Colleague: 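I'd like to ask some things about the structure below.
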Amino acid sequence: MRYSQLFGKTIRQDPKDEVSVNAKLLTRGGFIRKEVAGVYNFLPLGLKVLNKITNIVRDEMNKAGGQEILLSALQNKASWEKTDRWNNFDALFKVKSRQETEYALGPTHEEVVVPLVGQFISSYKDLPLYLYQIQNKFRDEARAKSGILRGREFLMKDLYSFHTTEEDFEKYYERMKEAYSAVFTRCGLDAILTEASGGAFSKFSHEYQVITEAGEDEIIYCAGGDFSQNTEIAEVAAGKECDLGHGPLKKVKTIEVGNIFPLKTKFSDAFGLTFKDKDGSQKSVIMGCYGIGISRLLGTIVEVHNDDKGIIWPKSVAPYDVNLIELKSQMANGKTTSQNLKLSGELVYEKLREVGIEVLWDDREDVSAGEKFADCDLIGIPVRLVVSAKTGDQVEWKNRGEEKTELISIEEAIKRLI
RNA sequence: CGGGGUAUAGCGCAGUGGUAGCGCGCACCGUUCGGGACGGUGAGGUCGCAGGUUCAAAUCCUGCUACCCCGACCA
């Protein structure tokens, strides 16, 4: 991609209506732009990152046997009345058609997926079943805040599992823990598996919490990794010695990037989702559900990986592999042009692209070196390559977040990038 | 939903009753060219919306809306 053609410019000053680090940096870098409070548009750079994250999540869900579907965002009011949530789900957006028909704008999809599955499940032979989707969710938050960490519309992956027995559910619950750990690790985050309340229809749930001052949650955990509880249910205090000798428990602020929890037969019973077992008896389907806030995950990555110059994307989710910068050189006749370089930006750009490397090429003609470097740091692509009169027939390599630069051949650069 | 704040050019802001301003950005010209360069010229505004007071309102009054912050809320 040529930077000069890219939709979405960087801006020098912090937007006045943002306070959170994620919204400031993502807005300044040209990744997102706010539509209304709690609702953001994703520009090409932002969508690139979102898609990288989405693909990691999709990969791990598929590995765990998940089948991807896409459910409706506009939902049947009757279903929400059946589960008694039409008037009890605080953040439920409700819309009314010109015919006065009311709908829910989906904040979650039990009300859709359970009746849907009911149309296909009749025997124990149809189970287990794992369905997931990646879709925009709507929640009428009393107060949107923290940039894309808590919006009224946000991208979420939700998976629903359907089982014949409690044992089978528990086995899959453990499988999902592995999948979630893999997702967060691949996204460059250290997410702590934390016990939390189960809400209205389960004794417990598990959350994946990432430590950062920007977090709205609070956990008490052991640095040794054997204990973590959300303070909303924690019965121990910070400072207590870990039972396994890992030292005192700590209390820290965190962002909840995912959660998983048992639904038992709460929704199955509401919709009569049953199956015929081997012995001929009719039984309720056991369910679990598993969510990852994908746009929140993106914001969390920014909160964790940044410095005073901008974002520092982990390689796995970076919008591009390389930010290529071309600086002009002096010609004999006094004119300046990129054509005079031994190794032009154009040539490097094409060579990298030929082997499948994703390149953001800052080909702008009338922009100073300093501005290009500043934008490069702000956007946060992991590797910066510079071609200029100084680099001769080589390229200058620099990792984002490090000061060291080195001159290497284009072949060496390609080798490192693949 | 309670409390507090803000709304003026694309962005960030100044402007307390008398001709609408600054910085950045943008367009054009020239000089620069490895860490957000410089000079010159220029374009760009129903001052959030509606009503009121006044000879005169960005400025005072009333109502509304949007956005931000703190809190409550966050199956």
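It should be emphasised that the depicted structure is a prediction, and the values quoted were computed from it without experimental measurement. Naming convention: chains lettered A, B, ... in sequence-line order (proteins, then strands); numbering from 1 in each chain.
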Colleague: Would you kindly give the CZ-to-P distance between A/Phe373 and B/C33, to the nearest whole Å?
Modeller: 15 Å
Colleague: I'd like to know if A/Arg384 reaches the base of B/G35 with its side chain, counting only an N/O donor and acceptor under 3.5 Å.
Modeller: yes
Colleague: Without swapping roles, check the side chain of A/Arg139 against the backbone of A/Arg152 for a donor-acceptor pair under 3.5 Å.
Modeller: no
Colleague: Please determine, for the side chain of A/Arg139, which listed nucleotide (B/C11, B/G35, B/A75) has the closest atom?
Modeller: B/A75
Colleague: Return the value, rounded to whole Å, for the distance between atom NZ of A/Lys404 and atom P of B/G35.
Modeller: 21 Å
Colleague: Considering only B/G34, B/C13, B/C67, which nucleotide approaches the side chain of A/Ala37 most closely?
Modeller: B/C67
Colleague: Distance to the ring centre below 6.0 angstrom and angle to the axis at most 45 degrees; does that hold for A/Arg296 and A/Phe154?
Modeller: no
Colleague: Looking only at the side chain of A/Val19 (C-beta and beyond, no hydrogens), which of the listed nucleotides B/C69, B/A37, B/G35 gets closest?
Modeller: B/C69
Colleague: Hey, does the Lys NZ or Arg CZ of A/Lys77 hover above the aromatic six-ring of A/Tyr103, less than 6.0 Å from the centre and inside 45° of the axis?
Modeller: no
Colleague: Is the Lys NZ or Arg CZ of A/Lys94 less than 6.0 Å from the centre of A/Trp86's six-membered ring, within 45° of the axis?
Modeller: yes
Colleague: Expressed in angstrom and rounded to an integer, what is the separation of A/Leu327 atom CG from B/G36 atom C1'?
Modeller: 14 Å
Colleague: OP1 or OP2 of B/G36 less than 4.0 angstrom from a side-chain nitrogen or oxygen of A/Ser368, does that happen here?
Modeller: no
Colleague: State the pairing partner of B/G45; accept Watson-Crick or G-U wobble contacts with both distances under 3.5 Å, and report none otherwise.
Modeller: none
Colleague: Please determine, for the side chain of A/Lys398, which listed nucleotide (B/G36, B/C11, B/G35) has the closest atom?
Modeller: B/G35
Colleague: Sort out the partner of B/U19 for me: Watson-Crick or G-U wobble, both distances under 3.5 Å, none otherwise.
Modeller: none
Colleague: Taking ring-ring contact (aromatic ring centres under 6.0 Å, His included) as the criterion, tell me which of A/Trp361, A/Tyr3, A/Tyr320 meets it with A/Tyr349.
Modeller: A/Trp361
Colleague: Could you identify the nucleotide paired to B/U6, looking across every strand shown and requiring Watson-Crick or G-U wobble geometry with both distances under 3.5 Å?
Modeller: B/A66
Colleague: If I take atom CD in residue A/Glu371 and atom C1' in nucleotide B/C26, what distance separates them, rounded to the nearest angstrom?
Modeller: 13 Å
Colleague: Write down the distance between CZ (A/Arg364) and C1' (B/U32), rounded to a whole number of angstrom.
Modeller: 17 Å
Colleague: Check this one for me: any side-chain N or O of A/Lys34 less than 4.0 Å away from OP1 or OP2 of B/C68?
Modeller: yes
Colleague: I'd like the P distance from B/G48 over to B/G15, given in whole Å.
Modeller: 15 Å
Colleague: Between B/C69, B/A75, B/G34, which nucleotide has the shortest distance from any of its atoms to the side chain of A/Arg143?
Modeller: B/C69
Colleague: Using atom C1' of each nucleotide, how far apart are B/C26 and B/G12 to the nearest Å?
Modeller: 15 Å
Colleague: Taking pairing as Watson-Crick or G-U wobble with both contacts under 3.5 Å, can you name the mate of B/A72, or confirm there isn't one?
Modeller: none
Colleague: For B/A57 versus B/U53, give the span between their P atoms, rounded off to a whole number of Å.
Modeller: 11 Å
Colleague: Once you apply a heavy-atom cut-off of 4.0 Å, does A/Thr27 come out as touching a base, just sugar-phosphate, or nothing?
Modeller: nothing
Colleague: Give none if B/C38 has no partner; otherwise give the nucleotide forming a Watson-Crick or G-U wobble pair with it, both distances under 3.5 Å.
Modeller: B/G30
Colleague: Can you tell me which nucleotide in B/C73, B/C68, B/G23 comes closest to the side chain of A/Asp17?
Modeller: B/C68
Colleague: Report yes or no: is the cationic atom of A/Arg416 (NZ for Lys, CZ for Arg) under 6.0 Å from the centre of the six-membered ring of A/Trp397, at an angle within 45° of the ring normal?
Modeller: yes
Colleague: Tell me which of A/Asp217 and A/Ala374 sits closer to the 5' end of RNA chain B, going by the nucleotide each one is nearest to.
Modeller: A/Ala374
Colleague: In the structure I gave you, are the side-chain heavy atoms of A/Leu159 and A/Met176 within less than 4.5 Å of one another anywhere?
Modeller: yes
Colleague: Ignoring hydrogens and geometry beyond distance, is the side chain of A/Asp14 in donor-acceptor contact with the base of B/G12 at under 3.5 Å?
Modeller: no
Colleague: Would you mind classifying the nucleic acid contact of A/Asp377 as base, sugar-phosphate or nothing, using non-hydrogen atoms under 4.0 angstrom?
Modeller: base
Colleague: Can you measure A/Glu396 atom CD to B/G34 atom C1' for me and round it to whole angstrom units?
Modeller: 8 Å
Colleague: Between B/C67, B/A75, B/G34, spot the one nearest the side chain of A/Phe89, thanks.
Modeller: B/A75
Colleague: I'd like to know if the side chain of A/Ser284 pairs up with that of A/Asp269 as donor and acceptor (distance under 3.5 Å, no hydrogens or angles considered).
Modeller: yes
Colleague: Rounding to an integer number of angstrom, what distance separates B/C49 and B/C67 when you compare their C1' atoms?
Modeller: 15 Å
Colleague: A/Lys390 has a side chain; which of B/G34, B/A72, B/A75 sits nearest to it?
Modeller: B/G34
Colleague: If we take the P atom in both B/C24 and B/G40, what is their distance in whole Å?
Modeller: 11 Å
Colleague: Using the C1' atom as the reference point in each nucleotide, state the distance between B/G42 and B/U6 in Å, no decimals.
Modeller: 32 Å
Colleague: How many whole angstroms separate atom NZ of A/Lys145 from atom C1' of B/C73?
Modeller: 9 Å
Colleague: Whole-Å distance between B/G34 P and A/Asn323 CG?
Modeller: 18 Å
Colleague: Looking at every strand, decide which applies to A/Val386 at a 4.0 Å heavy-atom threshold: base, sugar-phosphate, or nothing.
Modeller: base
Colleague: Between A/Arg28 and A/Pro15, who's closer to the 5' end of RNA chain B by nearest nucleotide?
Modeller: A/Pro15
Colleague: Pick the C1' atom in B/A72 and in B/G3, then give their distance to the nearest Å.
Modeller: 11 Å
Colleague: Please state whether the phosphate of B/G12, meaning OP1 or OP2, lies under 4.0 angstrom from any side-chain nitrogen or oxygen of A/Arg12.
Modeller: no
Colleague: When the P atoms of B/G23 and B/A9 are compared, how many Å lie between them, rounded to an integer?
Modeller: 15 Å
